[in-house]
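A quick write-up on the structure given underneath.
All values derive from a computational prediction rather than experimental measurement.
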Amino acid sequence: MVMQSEQLTFPSLLLKHARERGNQAAMREKDLGIWQEFTWSQVAEQVQAVANAFLQYGVKKGDHIGIVGENRPRLYMAMMAAQAVGAIPVPMYQDAVAQEMVHVLIDAHLSIVVVENQEQVDKMLEVREQVPHLQLVIYDDPRGLRNYHDDMLISFDGLVEKGQAYGAQHPDAYMRSVEAVQSSDTAAMFYTSGTTGKPKGVVLTHAALIDRAKVIERMEGLTDKEDVLAYLPPAWIGQNMFSYTQCLATGFTVNHPESPSTVAIDMHDIGPTYYFSPPRVLEELLTQVTIRMEDAGKFKQWLYRKCMNLAKRVGTRILDKESVGALDRLKYKIGDFLIYAPLRNALGMSRVRVAYTAGEAIGPDLFVFYRSIGINLKQLYGSTETSVFVCVQQDGRVFPDTVGPPVEGVEIRVAENGEVQVKSPGLFKEYHQKPEDTAESFTEDGWYHTGDAGFLDTHGELKIIDRAKDVGKLLDGRLFAPKYVENKLKFFPFIKEAVAFGANKEYVTAFINIDLEAVANWAERRGLAYAGYADLASRPEVYDLIADCIKQVNEDVAQDKQLEGLQIHRFLILHKELDPDDDELTRTRKVRRNFIAEKYKVLIDALFEGKTSQFIETQVKYEDGRIGKISADLRIAPVPVFTTSSSKEAA
């Protein structure tokens with residue numbers, strides 16, 4: 001008998017897959033170098049046992065259950081089990097320090113938390129005095145926990161045993177719970193990245209999440225034969241949508257890497273067909289390619305440059321099935337044999353049929369690079385509050401400067417102040433215990449405030465300029481959109497992060513974080529000795545290297561009269577990498593602009609006051625929790641800027 005709500009809740013979808021494709025792989029996990037497989041039937045059986053254990057522990061509909069760790073099958077099963085009893089899984093960032101977790105533990109009133117390993121167990125034990133309602137910590141990996149004797153701890157295996165015993169005594173309890181779950185019930189709660197304050201719990205229903213997943217399934221023709229690699233934080237809605245929601249909606253296979261350090265190898269093993277990545281990962285992959293080419297011989301470097309110039313000219317047109325001359329098409333086929341196919345293989349993207357990038361704006365140059373070598377990379381636009389999918393680029397209509405048209409079911413309008421506003425079946429229910437914030441997120445007539453500035457072009461494609469609060473003007477009235485120029489800078493392999501300043505100022509300046517691996521490789525080939533990040537970042541040769549990158553961006557930006565004000569006049573290279581542990585980045589690696597502006601005010605003032613150097617002492621958090629200070633006398637360097645009309649150097 002098929003339940004009426006079967007297509008609308010996660011527990012009923014799990015049962016459906018167990019019936020229809022029970023012997024097919026639902027998940028794989030690499031452990032000690034060997035891929036282990038979990039079929040849909042096995043997953044359903046484990047989920048039922050864990051759900052029964054939750055019932056035995058008194059978990060009720062609407063309770064919250066925390067999930068902390070890397071992508072692991074058992075953590076995913078714990079989420080499914082929570083949903084099966086009407087509870088609400090709350091994924092938390094696994095790289096957050098213990099004190100950062102306290103806010104979520106208290107705000108969501110978590111009494112049960114399922115964690116990956118000893119590291120996460122230690123965090124829970126560290127904060128237990130601050131979270132008196134925390135009663136049970138379930139751990140997946142027992143390594144290192146042999147001598148832990150605490151009534152609050154239980155292994156995942158022990159939990160399954162309890163659930164099996166409970167199920168034998170209460171054989172109908174599980175199905176009663178599953179049938180009681182409604183599509184309008186809350187399915188999960190995700191916390192925002194907290195760029196402007198404390199993270200807020202975003203409440204999303206089964207109907208909202210599954211609706212968005214089904215829309216993309218239809219749009220992209222996704223099937224149960226897709227392979228996905230789950231390598232980003234499960235607490236991020238983007239990863240959760242691709243590897244959890246869409247997996248259960250469509251029935252494809254999700255692959256879990258052995259560790260973050262083996263992702264490149266594991267991706268090569270699996271060869272995903274459906275791929276998702278934020279721009280920062282794509283930037284890192286391109287940096288690796290650039291480093292390898294710099295170490296290659298002269299002929300290979302020449303061949304690579306020749307082929308990439310051709311790819312930039314015709315590659316995206318071939319991918320979009322546009323008309324290309326026979327000679328160029330032949331040259332591209334030769335380039336594909338010699339460069340592009342081996343490059344896709346090295347990146348683990350040989351089988352990719354659909355690839356998405358989201359999370360923040362991607363630089364046009366970076367975007368075009370991947371598409372030019374034959375990877376069907378497309379931009380999408382959305383947020384936690386919209387269940388991700390608001391706009392998605394369509395095959396054959398992919399442009400570097402847009403994020404595509406609204407997808408099925410979505411309406412978009414642009415307010416008079418330039419803010420993009422949305423209506424969608426995927427919209428969130430509320431912010432947890434924050435009715436005022438929830439109300440403020442919507443207009444009086446029911447449109448959601450995205451907080452992004454943008455516009456719809458003549459083809460109905462959405463263009464995002466920047467976060468609305470970050471877009472400003474220079475003193476002379478010219479546009480200041482920092483993200484645009486920052487993305488241009490980050491295309492260079494030597495620049496890992498950039499933060500631009502210029503609102504209400506005469507010109508634009510920037511902080512730069514160098515990419516240690518790329519710049520170190522560059523320095524070593526030139527015999528330039530250094531003693532760590534701060535030393536390398538301060539070298540005159542490195543300043544010249546970064547100045548040349550900025551000069552190229554300035555020349556490019558100067559081609560557009562509307563954007564010429566974004567040229568960077570002065571810059572400095574920070575003495576430390578911006579770090580989430582120091583609150584400078586969110587856990588999803590987004591820049592916390594207001595915090596940085598306050599923390600480094602003395603440096604920003606120095607950039608605009610014409611100084612040639614500035615001393616600063618900065619507090620940092622070490623991995624072991626200790627607090628320390630590092631100081632440096634940072635050099636401030638000028639960069640040439642260009643006029644719009646001729647792109648000749650103006651200063």
Side-chain angles (χ1 to χ4, degrees), residues 277-294 357 359-370 400 466 481-502 508-526 528 530 532-558 563 566-580 584-585 589-593 596 600 603-604 607 632 634-641:
S277 171
R280 63 178 175 81
V281 173
L282 297 172
E283 288 161 4
E284 289 167 4
L285 289 173
L286 179 56
T287 295
Q288 294 298 321
V289 169
T290 305
I291 290 172
R292 288 175 63 181
M293 288 314 304
E294 286 179 347
T357 182
E360 60 177 324
I362 185 171
D365 298 327
L366 182 67
F367 184 65
V368 169
F369 168 82
Y370 282 94
D466 207 325
K483 203 69 190 172
Y484 182 87
V485 70
E486 289 164 1
N487 285 332
K488 285 274 188 186
L489 289 167
K490 288 193 290 182
F491 178 75
F492 291 91
F494 307 116
I495 298 176
K496 186 171 187 177
E497 192 59 76
V499 187
F501 308 95
V508 177
T509 64
F511 290 169
I512 300 293
N513 262 169
I514 60 171
D515 187 293
L516 182 57
E517 187 176 4
V519 177
N521 183 272
W522 175 88
E524 286 166 8
R525 283 187 286 101
R526 285 159 178 76
L528 181 62
Y530 62 94
Y533 180 92
D535 183 33
L536 183 61
S538 68
R539 293 305 181 98
E541 297 90 341
V542 173
Y543 260 82
D544 290 343
L545 172 69
I546 299 303
D548 184 61
C549 297
I550 297 174
K551 180 181 175 183
Q552 292 179 56
V553 169
N554 283 352
E555 190 167 9
D556 183 36
V557 168
L563 300 173
L566 291 175
Q567 295 183 73
I568 293 167
H569 289 233
R570 290 160 58 77
F571 78 99
L572 60 79
I573 303 176
L574 287 171
H575 54 308
K576 66 177 289 293
E577 293 185 273
L578 297 175
D579 196 319
E584 297 155 340
L585 304 175
R589 301 309 192 264
K590 292 179 182 175
V591 169
R592 298 185 69 203
R593 292 184 186 277
I596 288 172
Y600 295 107
L603 296 180
I604 297 171
L607 281 166
L634 300 184
R635 175 187 166 196
I636 297 173
V639 192
V641 295

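Inter-residue side-chain proximity for I604 and F511 is flagged as met; some heavy-atom pair is nearer than 4.5 Å. Between V485 and L563 there is no side-chain heavy-atom pair separated by less than 4.5 Å. Y530 places a side-chain heavy atom less than 4.5 Å from the side chain of E524. Contact of the L366 side chain with the F491 side chain is registered, since non-hydrogen atoms from C-beta on lie closer than 4.5 Å. Side chains of F494 and T287 form no contact here, defined as non-hydrogen atoms less than 4.5 Å apart. Contact of the L634 side chain with the S538 side chain is not registered, since no non-hydrogen atoms from C-beta on lie closer than 4.5 Å. The shortest side-chain heavy-atom distance between P493 and Q288 does not fall under the 4.5 Å cut-off. The side-chain heavy atoms of L572 and I512, taken from C-beta on, include no pair separated by under 4.5 Å.
In this structure, a donor-acceptor pair under 3.5 Å is absent between the side chains of N521 and E517. With no hydrogens or angles considered, no side-chain donor-acceptor pair links Q567 and E555 at under 3.5 Å.
For Y484, the ring pair (Phe, Tyr, Trp, His ring centres under 6.0 Å) criterion is met by no residue, not counting sequence neighbours.
Considering CG of L585 and CD of E577, their distance stands at 10.0 Å, rounded to 0.5 Å. With values rounded to the nearest 0.5 angstrom, I636 atom CD1 is found 12.0 Å from I573 atom CD1. Taken to the nearest 0.5 Å, the CG atom of L285 stands 9.5 Å off from the CZ atom of F369. The line from CD of E283 to OG1 of T357 is 9.0 Å long, rounded to the nearest 0.5 Å. How far CZ of R539 is from CD1 of I514: 11.0 Å, rounded to the nearest 0.5 Å. Here D556 contributes atom CG and N554 contributes atom CG; the two are 9.5 Å apart, rounded to the nearest 0.5 Å.
Scanning both residues, S277 and L282, for their nearest heavy atoms gives OG-CG, 3.5 Å. Counting all heavy atoms, side chain and backbone alike, L578 lies closest to N513 at N-OD1, 2.7 Å. Summarising the geometry of H575 relative to A632, their closest heavy-atom pair is CB-CB, 3.7 Å, with the distance given to 0.1 Å. Of all non-hydrogen atoms in A500 and E486, the two that sit nearest each other are N-OE2, 2.8 Å. Of all heavy-atom pairs between L607 and A510, the closest is CD1-O, 4.2 Å. Pairing each heavy atom of R570 with each of I568, the nearest pair is O-CG2, 3.4 Å.
Checked for salt-bridge contact, E294 and R525 meet the test: a charged N lies under 4.0 Å from a carboxylate O. Taking the charged nitrogens against the carboxylate oxygens, K590 and E584 have no contact shorter than 4.0 Å, which rules out a salt bridge. Taking the charged nitrogens against the carboxylate oxygens, K490 and E497 do have a contact shorter than 4.0 Å, which makes a salt bridge.
Side-chain rings of Y543 and F571 approach one another, their centers coming within less than 6.0 Å.
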request  = Assess whether side chain to side chain contact (heavy atoms under 4.5 Å, CB included) is satisfied between D365 and K488, documenting all intermediate values.
outcome  = CA-CA 7 Å; D365 298 327; K488 285 274 188 186; 4.0 Å; yes
Audit row: L528, W522, side chain to side chain contact (heavy atoms under 4.5 Å, CB included) steps and yes/no = CA-CA 9 Å; L528 181 62; W522 175 88; 4.2 Å; yes
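With hydrogens and angles disregarded, a donor-acceptor distance shorter than 3.5 Å links the side chain of N487 to the backbone of K483.
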